[in-house]
Amino acid sequence: MDGPLKDYKILDLTMYLAGPLASMYLGDLGADVIKVEPPVGDQLRKAGPPFYEGGDSAYYMAGGRNKRCMCIDLKTDAGRELFLKLAADADVVLENFRPGVMEKLGIGYEVLKKINPEMIYAGLSGFGETGPHRELPAFDHILQAYSGWMSITGTEESGPLRPGPSIADLLGGIHTGYAITLALLHRERTGKGQKVTVSLLDGMVSTLFPQILSFLADGEIPKRAGNMHPIIVPFGSFETADGLMNVAVGTVPQWRALCDELGAPEFGDNEEYHTNEGRSKHRDEIHGMMTKALAKKPRAQWLELFAKYDIPCAPVNDLRDVYEDPQVQHNNMFIEMDHPLAGKVKVLNNPLRVQQMSPNEWTPPPARGENTRDILGEYGLSGEEIDALYDKKIVA
């Protein structure tokens with residue numbers, strides 16, 4: 001497949017979501033991603049319902065496209081030797097085991113760099129490669145709690161809440177793909193390979209602003225603000241006559257126009273309210289005025305009025321609304337792929353718009369071990385040698 005990363009070969013040992021997302025992004029950009037699974041397969045394949053025809057879950061389909069797949073039992077000597085043969089010709093080895101697991105398998109970075117000094121080794125883990133919690137198990141839900149994200153999500157009445165998407169995994173996939181791309185760029189300039197590491201915890205903590213910045217400034221633990229911004233006023237969700245909408249004001253002209261349309265010009269004329277600091281001191285009064293006024297008209301009418309004055313606003317959409325939205329459809333954020341077993345499968349597009357990256361050339365998520373024989377043949381193994389590996393259950 002064509003793309004900016006064409007001709008780069010990536011051995012992908014990752015399972016579940018964060019690591020597979022990283023390799024999928026690289027595959028979208030044209031890299032030859034070889035997904036190396038244990039014979040039992042990636043556990044995410046069974047993380048359902050729903051499931052597609054053929055047995056794989058929708059969850060697995062989320063991060064599975066643009067890869068080939070082979071199954072190797074890395075706990076056997078023969079499987080380990082086979083992997084080392086593959087790694088000798090790889091540009092990138094990507095894994096998301098707990099720190100130390102690759103070393104126990106005999107295929108850690110120190111081993112791999114001896115046979116392939118120019119290789120990029122990327123390790124993704126929950127808490128980081130070193131430190132007191134390096135060996136603790138970690139899923140997205142665990143990191144959402146540990147990182148403090150849940151503590152600032154929800155209201156004082158609701159208590160801490162989990163954000164809807166798998167934020168830790170999504171950030172981990174993005175950060176890992178970014179780190180690998182930078183390491184490949186560095187290798188192009190210097191000829192040197194390297195080891196890069198990404199921590200899901202670090203990724204979550206790095207995105208805690210503005211709350212963490214407020215804490216660092218005054219030492220006060222921020223309260224949960226629900227759908228309202230913790231600092232900017234007005235900046236949140238409000239009920240209209242027929243549905244919820246978000247309104248965000250950032251300038252004095254926007255504030256004046258908002259107050260005029262809501263029938264409260266005295267708020268717009270009050271100079272104390274012309275700064276966010278002033279408005280924040282009267283948060284409850286402002287929110288009360290807006291709540292009362294917005295409930296008088298339908299949401300569509302408010303959206304039309306606010307658009308005339310460049311006041312940022314939006315309906316609070318459900319996922320059907322998002323799928324059917326004309327802007328989302330225009331941006332081609334949902335694409336259809338032909339799957340050999342499931343038929344037509346709708347998946348999310350890559351949000352990057354990079355020259356030569358064509359979804360028309362993308363391939364559907366592979367079945368477990370679908371390409372094992374073909375890949376081994378590419379590495380020079382004869383039909384008899386491949387059959388022997390199958391017979392000994394080294395590959396599947």
Side-chain angles (χ1 to χ4, degrees), residues 12-28 33-74 94-98 101 123-127 136-147 149-150 161-177 198-201 203-204 319-320 322-323 333-337 339-350 362-372 396:
D12 175 20
L13 291 168
T14 65
M15 293 189 288
Y16 299 107
L17 188 56
L21 282 174
S23 58
M24 181 192 75
Y25 297 144
L26 300 173
D28 289 352
V33 179
I34 299 175
K35 181 175 175 61
V36 181
E37 296 185 41
V40 295
D42 185 337
Q43 294 301 305
L44 198 66
R45 292 180 182 273
K46 302 304 177 186
F51 295 98
Y52 284 100
E53 186 71 29
D56 286 335
S57 69
Y59 213 172
Y60 166 73
M61 292 289 191
R65 67 170 176 256
N66 292 329
K67 304 175 186 180
R68 298 189 289 165
C69 180
M70 64 186 305
C71 293
I72 304 177
D73 187 352
L74 295 175
L94 170 61
E95 54 91 2
N96 66 344
F97 298 116
R98 294 191 214 181
V101 169
L124 171 63
S125 62
F127 291 94
L136 290 180
F139 286 111
D140 176 271
H141 191 60
I142 304 306
L143 271 304
Q144 290 207 19
Y146 194 93
S147 67
W149 261 68
M150 288 181 62
L161 294 177
R162 177 192 182 276
S166 299
I167 298 293
D169 284 336
L170 295 170
L171 287 174
I174 293 169
H175 291 156
T176 303
V198 174
S199 157
L200 296 185
L201 174 62
M204 291 292 278
L319 296 189
R320 184 177 297 279
V322 174
Y323 177 73
M333 279 307 301
F334 298 95
I335 59 175
E336 201 170 60
M337 307 187 77
H339 191 279
L341 296 177
K344 298 287 187 182
V345 176
K346 286 187 172 67
V347 296
L348 285 164
N349 199 351
N350 190 311
W362 288 354
T363 58
R368 179 174 57 90
E370 177 181 336
N371 311 107
T372 302

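Bear in mind that the values here come from a model prediction, so they are computed numbers and not experimental data.
Under the ring-ring contact (aromatic ring centres under 6.0 Å, His included) criterion, Tyr59 pairs with no residue at all, not counting sequence neighbours. Under the side chain to side chain donor-acceptor pair (under 3.5 Å) criterion, Trp362 pairs with no residue at all, not counting sequence neighbours.
A donor-acceptor pair under 3.5 Å is absent between the side-chain atoms of Gln144 and the main chain of Met150, judged by distance alone. Using modelled atom types, no side-chain atom of Lys35 and backbone atom of Pro20 make a donor-acceptor pair closer than 3.5 Å. Between the side chain of Asn66 and the main chain of Met24, no donor-acceptor pair closer than 3.5 Å is present.
Here the shortest heavy-atom pairing between Arg65 and Leu348 reads NH1-O, 2.6 Å. Ser125 and Phe97 make their closest contact through CB-O, 4.2 Å (heavy atoms, listed as atom of the first residue, atom of the second, distance). The minimum heavy-atom distance between Leu341 and Gly54, with the atom names listed, is CD1-CA, 3.8 Å. Across Leu170 and Pro165, no two heavy atoms sit closer than the pair CD1-CB, 4.0 Å. Across all non-hydrogen atoms, the minimal contact from Ala168 to Leu143 is CB-CB, 3.9 Å. Minimum interatomic distance between Ala22 and Leu94 (heavy atoms only, all atoms of both residues): CB-CD2, 4.3 Å.
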- Task: Could you go through the side-chain contact (heavy atoms from CB on, under 4.5 Å) check for Tyr16 and Asp169 one step at a time?
- Result: CA-CA 9 Å; Tyr16 299 107; Asp169 284 336; over 6 Å; no

- Task: Report the C-alpha separation of Met15 and Leu44 in whole Å, then their side-chain angles, then the decisive distance to 0.1 Å, and conclude whether the side-chain contact (heavy atoms from CB on, under 4.5 Å) test is met.
- Result: CA-CA 7 Å; Met15 293 189 288; Leu44 198 66; over 6 Å; no

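Side-chain contact between Asp56 and Arg45 is present, with heavy atoms from C-beta onward closer than 4.5 Å. In this structure the side chain of Met61 reaches within 4.5 angstrom of the side chain of His339, judged on heavy atoms. Between Phe334 and Asn349 the shortest side-chain heavy-atom distance does not fall below 4.5 Å.
With Asn96 as reference, Thr14 is the one residue of Leu17, Thr14, Leu200 to meet the side-chain contact (heavy atoms from CB on, under 4.5 Å) rule.
Distance CG/Asp12 to CD/Glu37: 9.0 Å, rounded to 0.5 Å. Distance CE/Met333 to CG/Asn350: 7.5 Å, rounded to 0.5 Å. Atom-to-atom distance recorded for Lys67:NZ and Leu26:CG is 9.0 Å, nearest 0.5 angstrom. How far OG of Ser199 is from CG of Leu171: 11.5 Å, rounded to the nearest 0.5 Å. Here CH2 of Trp149 is found 11.0 Å from CZ of Arg162. Values are rounded to the nearest 0.5 Å.
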Distance-only check: which donor-acceptor pairs under 3.5 Å involve side-chain atoms of residues 363-370, not counting sequence neighbours?
residue, atom, partner, partner atom, Å
Arg368, NH1, Pro39, O, 2.6
Glu370, OE1, Ala367, N, 2.8

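Between Tyr60 and Tyr52, a ring centre-to-centre spacing not shorter than 6.0 Å is recorded.
In this structure, Glu53 places its CD atom where only 12 or fewer heavy-atom neighbours from other residues, nucleotides or ligands lie under 6.0 Å away.
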